[in-house]
Amino acid sequence: MNLVLRDAIQRMVPYGSRVLDLGCGDGALLAFLQQHHGCSGYGVEINDANVLACVKQGVNVIQLNLDQGLAMFGDQSFDVVLQIDTLQHLRNAQTMLQETVRVGRLGIVTFPNFAHWPNRISVLQGYMPVTRKLPYQWYDTPNIRVATFADFLALAKNTQLHIKDAFGLQDDGVVRWWPNARAATAVFKLAAPTL
Amino acid sequence: MSFFATPQSLSFEQPLPLKGGGVLHPYQLTYETYGQLNDQRNNAVLVCHALNASHHVAGSYKGQAKSEGWWDNMIGPGKPVDTNRFFVIGVNNVGSCFGSTGPMHHNPITGRIYGADFPVVTVEDWVNSQARLLDHLGIDQLAAVMGGSLGGMQALSWSLQYPERVRHAVVIASAPNLNAENIAFNEVARRAITTDPDFHGGHFYAHGVVPKRGLRIARMLGHITYLSDDVMNTKFGRMLQDGESFKYSTQEIEFQIESYLRYQGDKFSEYFDANTYLLITRALDYFDPASAFKGQLTQALAQASAQFLLVSFTTDWRFAPARSREMVQALVANKRQVSYAEIDAPHGHDAFLLDDPRYLSLVRAYFDRIHLGADA
């Protein structure tokens with residue numbers, strides 16, 4: 001996985017955390033956090049090949065369709081719940097964000113920022129963007145939810161998610177100034193609303 | 001390349017106390033082993049069998065065609081559970097009819113065949129008897145215990161009864177207890193047997209008969225529930241047994257599915273013991289580790305310390321994925337190491353015995369990760 005993204009996640013995950021990684025892919029991130037950051041936990045995946053890859057790396061994986069929700073996991077039962085580039089594949093994106101902060105004391109959500117300037121130019125030219133971060137054509141994309149950094153801020157406000165940190169990521173590092181236009185990846189650190 | 005298996009037997013003089021009261025004494029276990037126990041004695045894998053299987057898990061018998069073990073696709077040299085690395089033990093459970101002490105044997109106290117007097121045995125009793133076999137083989141701790149269906153229940157029970165003796169538990173197409181529908185199927189099967197006039201209250205041996213009608217019906221019913229609607233339709237559909245047109249007969253075989261089920265029933269009634277069928281379905285019904293914890297599975301599984309692999313199959317309606325998820329949920333709540341795969345296979349409950357590459361690769365990957373120390 002992208003090292004800038006991995007480092008950014010590692011900085012946000014407290015050492016030794018119990019982690020639930022939603023849409024964990026081949027388990028590389030969890031394997032890294034287990035080996036280098038004292039973490040434990042589980043990945044959740046729907047794809048058979050990814051489930052196998054996780055088992056091969058020694059990452060605990062639970063095969064589950066996230067569209068069915070997180071009923072299997074108890075309230076605040078994980079230190080951190082990760083949704084790394086998973087949000088854009090979910091039908092119930094808003095529910096899953098609420099579930100993320102129900103199950104985890106901390107939620108870390110990343111997704112491709114549709115308002116990154118090359119995407120804006122592409123749309124201004126009349127075409128849907130095709131970039132490294134969004135490599136698909138409009139007709140074959142698995143991304144059923146496309147959103148911008150600013151969209152997410154609005155949703156977080158509506159959903160009463162507590163945003164503990166928000167920034168963008170580019171290949172050369174963290175983007176804190178105008179991330180809505182200047183970053184390909186949006187990163188949010190969330191918690192449940194404090195009552 | 002397959003290999004030849006050799007069944008062995010071991011007699012136990014020490015009485016086996018049973019959960020339902022009473023003891024089994026003396027008794028004998030029939031078992032097979034494959035591969036070599038290593039010097040550290042830490043590479044043993046116990047395979048637990050389901051309703052109609054036996055200790056003959058893998059390999060074949062010399063000079064007997066088509067005598068491969070029931071999990072020969074899973075276990076053997078170079079197979080997912082690789083006997084070049086692991087020492088695998090298959091054991092026939094007491095009450096069964098493939099060599100270990102069962103209802104067709106003589107009760108040493110009365111000198112008569114047990115028949116209906118064979119004591120009711122439970123999953124927990126089987127696990128205790130298997131533990132004694134391990135004691136005899138000099139195995140303190142299993143690298144893994146594994147099984148499908150009722151075998152999976154034994155694997156789960158191992159992790160609760162002897163947590164310190166199990167490093168990994170592989171529970172496939174199983175459940176933490178039977179639901180009402182499952183018990184209902186078992187009851188229909190049992191009634192088919194016990195109402196067969198040749199059953200004689202379970203003492204048919206003395207009459208020189210076998211309640212084959214009951215066994216056939218029990219097997220036909222069971223077989224339907226082990227398949228899926230899809231796979232039956234694909235395999236048989238509405239195809240007729242003979243010719244193109246109906247015979248318009250109420251008793252002759254019309255459809256191929258009828259012929260298939262009758263064949264399965266006939267075959268089964270030739271080798272399976274009627275009392276064993278009652279005993280084993282009862283063991284299924286009784287298994288419920290959460291019952292001692294007011295139905296709280298999470299509390300029940302808190303006793304386990306093993307790492308777990310659970311697998312279910314999407315079209316298995318007898319041991320549905322939801323039942324496996326209950327176990328996963330309870331293990332996660334206890335912060336246990338667990339991986340769970342839900343294989344999208346069309347074959348229903350029987351899928352756990354079949355060659356699905358996703359399933360076999362997953363089990364292979366899991367066993368490849370089991371650490372055996374310096375020699376691994």
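The sequence lines fix the lettering, A, B, ..., with proteins before strands; numbering per chain opens at 1.
Here A:D48 contributes atom CG and B:D344 contributes atom CG; the two are 7.5 Å apart, rounded to the nearest 0.5 Å. Interatomic distance, NZ of A:K56 versus CZ of B:R364, reported as 9.5 Å (0.5 Å rounding). In this structure, the separation between OG on A:S40 and NZ on B:K335 is 8.0 Å, given to the nearest 0.5 Å.
Of the listed residues (B:L362, B:I343, B:V332), the greatest number of heavy-atom pairs within a distance under 4.5 Å of chain A belongs to B:V332.
Here the closest non-hydrogen pair linking A:V59 and B:S339 is O-OG, 3.8 Å. Across every non-hydrogen atom of B:Q329 and A:M72, the tightest pair is CG-O, 3.3 Å. Closest approach of A:Q63 to B:E342, counting heavy atoms only: OE1-N, 2.7 Å.
Of the two parts of B:A341, the backbone and the side chain both hold a non-hydrogen atom closer than 4.5 Å to a non-hydrogen atom of chain A. Heavy atoms of B:R325 lying under 4.5 Å from chain A belong to its backbone as well as its side chain. Neither the backbone nor the side chain of A:E45 comes within contact range of chain B; no heavy atom of the residue lies under 4.5 Å from a heavy atom of that chain. Residue contact with chain B, scored on non-hydrogen atoms closer than 4.5 Å, involves the side chain of A:L64 exclusively. With a 4.5 Å cut-off on non-hydrogen atoms, A:A71 touches chain B through its backbone but not through its side chain.
Around CZ of A:R91, the count of heavy atoms belonging to other residues, nucleotides or ligands within 6.0 Å does not exceed 12. Annotation for A:Q160: atom CD does not count as buried by contact number, only 12 or fewer foreign heavy atoms lying within 6.0 Å. When the shell of 6.0 Å around CZ of B:F293 is examined, it contains more than 12 heavy atoms from other residues, nucleotides or ligands. A 6.0 Å sphere centred on CD of B:Q141 holds more than 12 heavy atoms belonging to other residues, nucleotides or ligands.
Considering only heavy atoms from C-beta on, A:V61 stays 4.5 Å or farther from B:Y340 through its side chain.
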